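A quick note: this is a predicted structure, and the numbers were derived from the prediction, not measured.
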Amino acid sequence: MKHDVLRTGEVILKLRTACADAGGQTNWAKSQGISAQYVSDVLHGRRPPANAILRGLGLQRAEPMYVPRGPEDVTLYDADGLTLVIAQRVFD
């Protein structure tokens with residue numbers, strides 16, 4: 001099963017929709033047992049969404065993903081700017 005990865009902005013949009021569906025930020029916050037001020041702070045980008053908000057949206061924080069780094073070209077020049085060597089740096 002493939003999971004969609006959401007960026008912070010998309011989580012905030014989801015929170016904004018959830019608040020609207022609940023009749024406002026205060027109603028949604030109350031239904032989740034968190035403060036309306038905290039919800040407001042998240043909506044305005046002053047604080048990141050923590051577990052209490054993520055849980056209410058049916059989300060969870062995921063660890064960052066990493067991919068292998070590809071080879072990089074490395075070029076060495078002499079004092080006059082002429083190319084001496086072109087090679088690839090490979091990361092294992």
Next on the checklist: Between V74 and Q88, does the side-chain contact (heavy atoms from CB on, under 4.5 Å) criterion hold? Intermediate values first, please.
Outcome noted: CA-CA 6 Å; V74 178; Q88 278 197 337; over 6 Å; no

Checklist entry - Does the pair V85 and T75 meet the rule for a side-chain contact (heavy atoms from CB on, under 4.5 Å), with working shown? => result CA-CA 6 Å; V85 177; T75 306; over 6 Å; no

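In this structure, Q32 contributes its side chain and A29 its backbone to no donor-acceptor pair below 3.5 Å. A donor-acceptor pair is defined here as one N or O able to donate and one able to accept, closer than 3.5 Å; no such pair exists between the side chain of D80 and the backbone of L82. Between the side chain of S40 and the backbone N or O of A36, no donor-acceptor pair lies under 3.5 Å.
To the nearest 0.5 angstrom, S35 atom OG is 12.0 Å from K30 atom NZ. Between the CG atom of L6 and the CG atom of L57 there is a distance of 9.5 Å, given to the nearest 0.5 Å. Atoms CD1 and CD1, on I53 and I12 in that order, are 9.0 Å from each other to the nearest 0.5 Å.
Considering all non-hydrogen atoms of both residues, V42 and P48 come closest at CG2-O, 3.8 Å. A pairwise comparison of heavy atoms in P71 and V90 identifies CB-CG2, 4.5 Å as the closest pair. Closest of all the heavy-atom pairs between E10 and V5 is OE1-O, 4.0 Å. Closest approach of L54 to P49, counting heavy atoms only: CD1-O, 4.0 Å.
Two residues are said to be in side-chain contact when any heavy atoms from C-beta on lie closer than 4.5 Å; V39 and C19 meet this criterion. Residues I34 and W28 have side chains in contact (heavy-atom distance under 4.5 Å, counting atoms from C-beta outward).
Residues meeting the salt bridge (Lys or Arg N to Asp or Glu O under 4.0 Å) test with R46, sequence neighbours left out: D41. Residues forming a side-chain contact (heavy atoms from CB on, under 4.5 Å) with A50 (at least two apart in sequence, or on another chain): Y38.
By the neighbour-count criterion of 12 heavy atoms within 6.0 Å, atom CD of Q60 is sparsely surrounded, having that number or fewer from other residues, nucleotides or ligands.
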